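Positions are given from 1, in the same order as the sequence printed here. Scope of the values below: all heavy atoms of this structure, side chains included, with no hydrogens, waters or symmetry mates. Bear in mind that the values here come from a model prediction, so they are computed numbers and not experimental data.
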Amino acid sequence: MDEHKENIHGKDVNVKMPNSKEDEKAKPCSRICPAGEPAPQVSPSQSNSDFSHPVYKEIALANGHINRMSKDELRIKLSELKLDTRGVKDVMKKRLKSHYKKQKLMQTAAEGGPTDTYYDYICVVDFEATCEEDNPSDFLHEIIEFPMVLISTHTLEIVDTFQEYVKPELNPQLSDFCVKLTGITQKMVDEADPFPEVLQRVVVWLQERELGTKYKYAILTDGAWDMSKFLNIQCRVSRIRYPQFAKKWINIRKSYGNFYKVPRTQTKLSTMLEKLGLKYEGRPHSGLDDSRNIARIALRMLQDGCQLRVNERMHAGQLLSVPSSAPVEGAPPPHNPRSKD
């Protein structure tokens, strides 16, 4: 529901963004800022820490050289290093900088360079929900497809998937627009279980993979809508408490924009794929296919050196940003949904 989510965002009065300047600032995805980019602010007690090492001067000089390379020179260099040569010029520059940075740090640090190994797994979620072509302001979107795509940050591949359709309660009859947009038929939702039962099976699926217990994990979404709007509304409709494991997540649009230094207008799913030299695979607006393609973007970002971190959260029904300076935490162990009654 990529573009359609754009149209409905912000209509739920119970979900709002803070207006603080801190939340509006772009947060770097990597701990090291390439030449020409703002350096991270450190306290006096940190002045003699990591960034004082001479290796960072070498990295900055290398970044300056990379910035002056043409697209053909970048492609040739990436090919020599056996790195991916797809994507626009800025993407290739970021890829080469990240590779060089990692190599230099691996030479100077016994524990190796920075890699995204805090989370063992990242779970991509992209709901499909009931909708009308022109949604009334009071329209309550109900989740009708619950997909999850699990990626390993260690092997950098998709390792598992989950998908179930969901029977809507308030508007059990799907609109023609919704069926055409999502490909989800009336028969699919009629034969599905209500949301609380599907959520219970999601919890079991996560528990069976020992997420939150043996392995650290985080939820990842394409934008803020899936958790702050769709799941938030659905939990109210189903009269259950918002699940703790979904209260913090990685908004890949923010991560992509901050890492590749592009504006929000260039962070739609189709645009991110195109800029990375990838093509959409599957049917657009299928929740599972959208989740797979979002996962492909996340994997490419990890390969390019991005350290994906939680950057949004829900608190008291409101959507808030998580500053890059916040401690990194994995999602808690999943538990069965609890009734609000």
Side-chain angles (χ1 to χ4, degrees), residues 1-3 5-10 12 15-34 37-38 40-41 87-88 90-91 94 98 114 116 118-119 122-127 149 151 153 217-232 246-276 278 290-291 293-315 318-331:
M1 299 187 77
D2 185 34
E3 284 78 10
K5 287 177 183 175
E6 292 275 13
N7 297 332
I8 65 176
H9 184 225
D12 184 6
V15 179
K16 61 182 180 180
M17 290 291 288
N19 295 318
S20 67
K21 292 183 179 179
E22 175 65 25
D23 290 327
E24 295 173 357
K25 293 178 182 177
K27 300 298 190 295
C29 196
S30 173
R31 290 180 63 246
I32 303 169
C33 294
E37 297 174 10
Q41 295 186 2
V88 296
D90 286 345
V91 166
K94 189 71 176 181
S98 295
D116 197 308
Y118 181 82
Y119 307 122
I122 292 175
C123 196
V124 181
V125 178
D126 192 79
F127 297 123
V149 172
I151 61 177
T153 63
Y217 77 110
I219 302 294
L220 182 146
T221 64
D222 176 31
W225 313 275
D226 292 274
M227 299 301 160
S228 68
K229 189 173 185 72
F230 294 146
L231 184 58
N232 196 30
K247 284 196 171 183
K248 294 182 181 180
W249 63 89
I250 302 165
N251 178 341
I252 198 169
R253 293 194 180 201
K254 280 187 176 181
S255 301
Y256 180 96
N258 293 338
F259 185 65
Y260 294 115
K261 307 302 178 187
V262 298
R264 177 180 169 81
T265 54
Q266 294 182 25
T267 61
K268 289 185 178 181
L269 177 56
S270 56
T271 305
M272 290 189 289
L273 286 168
E274 179 186 351
K275 296 296 183 182
L276 292 172
L278 303 173
D290 279 354
S291 298
N293 283 279
I294 295 163
R296 292 169 63 217
I297 293 170
L299 289 171
R300 177 58 56 83
M301 292 176 66
L302 293 173
Q303 290 167 352
D304 283 354
C306 179
Q307 295 188 354
L308 292 170
R309 296 289 182 259
V310 162
N311 52 23
E312 288 184 340
R313 66 187 179 98
M314 285 292 290
H315 178 70
Q318 295 185 8
L319 171 63
L320 302 174
S321 291
V322 175
S324 60
S325 58
V328 181
E329 299 176 344

Check whether any side-chain heavy atom of I122 sits under 4.5 Å from a side-chain heavy atom of T153, and report yes or no. yes

For a 4.5 angstrom cut-off between non-hydrogen side-chain atoms, does L273 reach I297? yes

Cation-pi check for F259 against K94: NZ or CZ below 6.0 Å from the six-membered ring centre and within 45 degrees of the axis, yes or no? yes

So how far is it from I294 CD1 to Y256 OH, rounded to the nearest 0.5 Å? 13.5 Å

If you round to the nearest 0.5 Å, how far is OG of S270 from CG of L278? 12.5 Å

With side chains defined as the heavy atoms from C-beta onward, is the minimum distance between Y217 and Y119 less than 4.5 Å? no

Could you give the distance from NZ (K268) to CD (E274), rounded to the nearest 0.5 Å? 12.5 Å

Do R309 and I250 come within less than 4.5 Å of each other through their side chains, counting heavy atoms only? no

Minimal heavy-atom distance between S228 and A224, with the atoms involved, is OG-O, 2.6 Å

Please lay out, stage by stage, how K254 and T267 fare under the test side chain to side chain donor-acceptor pair (under 3.5 Å). CA-CA 8 Å; K254 280 187 176 181; T267 61; over 6 Å; no

Is any side-chain heavy atom of L308 closer than 4.5 Å to a side-chain heavy atom of M301? yes

Tell me if a side-chain donor or acceptor on D226 pairs with a main-chain N or O of T221 at a distance below 3.5 Å. no

Mind checking the CG-CD1 spacing from L220 to I151? Nearest 0.5 Å is all I need. 6.5 Å

Minimum side-chain heavy-atom gap L231-F127 below 4.5 Å: yes

Using 0.5 Å steps for rounding, measure from the CG atom of N258 to the NZ atom of K261. 6.0 Å

About how many Å separate CD1 of I219 and SG of C123, when rounded to the nearest 0.5 Å? 4.5 Å

What do the steps show when you test L276 against Y260 for side chain to side chain contact (heavy atoms under 4.5 Å, CB included), and what is the final call? CA-CA 10 Å; L276 292 172; Y260 294 115; 3.6 Å; yes

Go through the steps for D304 and V91 under the test side chain to side chain contact (heavy atoms under 4.5 Å, CB included), then give the verdict. CA-CA 9 Å; D304 283 354; V91 166; 4.0 Å; yes

Hey, are the side chains of K275 and D90 touching, using non-hydrogen atoms and a 4.5 Å cut-off? no

Quick one: do N311 and S324 satisfy side chain to side chain donor-acceptor pair (under 3.5 Å)? Show the steps, please. CA-CA 7 Å; N311 52 23; S324 60; over 6 Å; no

Which heavy atom in L269 sits nearest to a heavy atom in R253, and how many Å separate them? N-NH2, 4.2 Å

Determine whether L319 and E312 make a side-chain contact, defined as any pair of heavy atoms from C-beta on separated by less than 4.5 Å. yes

Give a yes or no on whether the backbone of P323 and the side-chain of S321 come within a donor-acceptor separation of less than 3.5 Å. no

